[in-house]
Amino acid sequence: MTAHPPDSTAPGPDGRAGIDAALVRRLLAAQFPQWGGLPVRPVEVDGWDNRTYRLGDAMTVRLPTAAGYVPAVAKEHRWLPLLAPSLPVAVPQVLAVGAPGDGYPFPWSVRGWLPGETADRGHIADLPQFAVAVAGFLIALQACDPAGGPAAGGHSWYRGAPPAHYDAETRRCLAALEGQVDTALATEVWEAALAAEWTGEPVWFHGDIAAGNLLVADGGLAAVIDFGTSGVGDPACDLVIAWTMFAGAGREAFRHAVRQPAATWARARGWALWKALLMMTESLGTDPARAAVHRRVVEQVLADHTAHG
């Protein structure tokens with residue numbers, strides 16, 4: 001198992017991680033026979049941590065692909081119903097939790113279907129306005145009662161914890177990318193992130209605010225999905241979208257609306273830099289197009305540090 005969720009949303013052929021539609025049908029027939037006769041088909045856009053299948057027209061089935069993603073099942077089942085009433089857009093509704101069976105070793109869930117397209121594929125009418133809506137979601141999430149919530153740690157892949165958890169990995173990537181990026185400035189950005197220690201009270205964070213987890217309908221933000229890396233801690237990791245999706249007026253609208261202090265932005269640049277450097281290192285020799293996407297994120301983060309750091 002890797003030390004971080006891979007950066008991929010490609011569904012791949014049915015059967016990835018030993019999970020296919022036939023297995024889903026058998027699990028449903030054995031554990032939830034009331035739904036066993038409904039059609040099961042892979043979703044068009046799938047994630048990496050879980051395999052997701054449409055169940056009829058109104059539900060989905062979601063199955064973790066590895067043990068590291070299993071804690072999200074119980075976490076989302078417990079906390080999403082408590083968070084949902086305080087949030088300005090829809091979040092997944094967990095209808096049932098299934099048990100391991102038929103050779104599949106992990107718990108799994110049945111959820112309500114949320115209509116919309118992911119923000120990297122759907123039409124966004126006004127990107128700055130969309131950025132403000134994302135900021136509004138984050139502010140509402142941070143205002144939710146954190147009492148008893150899951151403290152940042154392994155279950156969140158250390159989102160919500162200090163970025164220092166990935167210090168050794170980041171420095172290995174910086175050494176590997178010498179000559180590919182401005183490693184001197186990148187090191188400055190990373191060390192600024194480590195120095196900007198978080199001293200606030202723990203708040204709820206999503207952990208993976210990215211275009212693939214934001215659903216768009218009628219040109220605007222309609223839902224936020226995949227709370228598998230959520231928890232209670234430092235919200236800096238939720239600002240990474242400022243460089244991975246937003247630019248120009250959209251980024252400035254997000255920065256203004258999300259209302260975070262300079263130290264939080266410094267840690268956010270660290271989170272964005274770590275992931276982009278890691279993805280560049282892994283894809284540089286094998287997938288130049290993917291490496292170029294992450295190179296642009298690195299460049300945007302470095303420029304932002306120069307302008308605002």
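The model shown is predicted, which means the values in this text are computed figures rather than measured ones.
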State plainly whether one hydrophobic cluster holds both [X] and [Y], where clusters connect Ile, Leu, Val, Met, Phe, Trp and Tyr through side-chain heavy atoms under 4.5 angstrom apart.
X      : Y      : answer
Phe106 : Val61  : yes
Met59  : Ile19  : yes
Leu215 : Phe246 : no
Ile225 : Phe137 : no
Leu87  : Ile209 : yes

Quick check for you: to the nearest 0.5 Å, what is the distance between [X] atom [atom1] and [Y] atom [atom2]?
X      : Y      : atom1 : atom2 : value
Leu63  : Thr52  : CG    : OG1   : 7.5 Å
Arg159 : His165 : CZ    : NE2   : 10.0 Å
Ile139 : Cys144 : CD1   : SG    : 12.5 Å
Leu277 : Glu169 : CG    : CD    : 10.0 Å

Of the non-hydrogen atoms in [X] and [Y], which two are nearest, and what is the gap between them?
X      : Y      : result
Ala266 : Ala193 : O-CB, 3.3 Å
Leu141 : Asp238 : CD2-OD2, 4.5 Å
Arg62  : Pro64  : O-CD, 4.1 Å
Met245 : Ala119 : CE-CB, 3.7 Å
Phe254 : Ala131 : CD1-O, 3.5 Å
Ala192 : His305 : CB-CE1, 4.2 Å

Quick one: does [X]'s side chain get under 4.5 Å of [Y]'s, heavy atoms only?
X      : Y      : value
Pro235 : Trp198 : yes
Leu55  : Val24  : no
Tyr53  : Leu23  : no
Trp79  : Pro150 : yes
Val70  : Pro107 : yes
Pro92  : Leu114 : yes
Leu273 : Val298 : yes
Trp204 : Ser230 : yes

Legend entry - Presence of salt bridge, Glu299 and Arg296, under 4.0 angstrom: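 No, Arg296 and Glu299 are not salt-bridged.
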Legend entry - SB check Lys275 Asp208 (cutoff 4.0 Å): no
Inset, instruction - Please check if the distance between the ring centroids of Tyr158 and Trp271 is under 6.0 Å. - result: no
Inset, instruction - Test Tyr69 against Trp157 for ring-ring contact (aromatic ring centres under 6.0 Å, His included), laying out the working first. - result: CA-CA 9 Å; Tyr69 309 124; Trp157 300 90; 5.5 Å; yes
Inset, instruction - Determine whether the side chains of Asn50 and Trp108 contain a donor N or O and an acceptor N or O closer than 3.5 Å. - result: no
Would you check if the side chain of [X] reaches a backbone N or O of [Y] as a donor-acceptor pair within less than 3.5 Å?
X      : Y      : result
Thr65  : Trp48  : yes
Glu76  : Phe227 : yes
Thr306 : Leu302 : yes
Arg51  : Asp20  : no

Other residues, nucleotides and ligands only: do more than 12 of their heavy atoms fall within 6.0 Å of [atom1] on [X]?
X      : atom1 : result
Glu197 : CD    : no
Gln34  : CD    : yes
Arg171 : CZ    : yes
Gln31  : CD    : yes
His256 : NE2   : no

Legend entry - Trp243 six-ring centre to Arg269 NZ/CZ under 6.0 Å and within 45° of normal: no
Inset, instruction - Kindly assign one of parallel, tilted or perpendicular to the pair Trp35 and Phe32, based on the angle between their ring planes and the thresholds 30° and 60°. - result: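 Aromatic pair Trp35/Phe32 classed tilted.
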Legend entry - Qualifying residue, where the test is side-chain contact (heavy atoms from CB on, under 4.5 Å) with Arg54 and the options are Val40, Leu38, Thr60: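 The residue from Val40, Leu38, Thr60 that satisfies side-chain contact (heavy atoms from CB on, under 4.5 Å) with Arg54 turns out to be Thr60.
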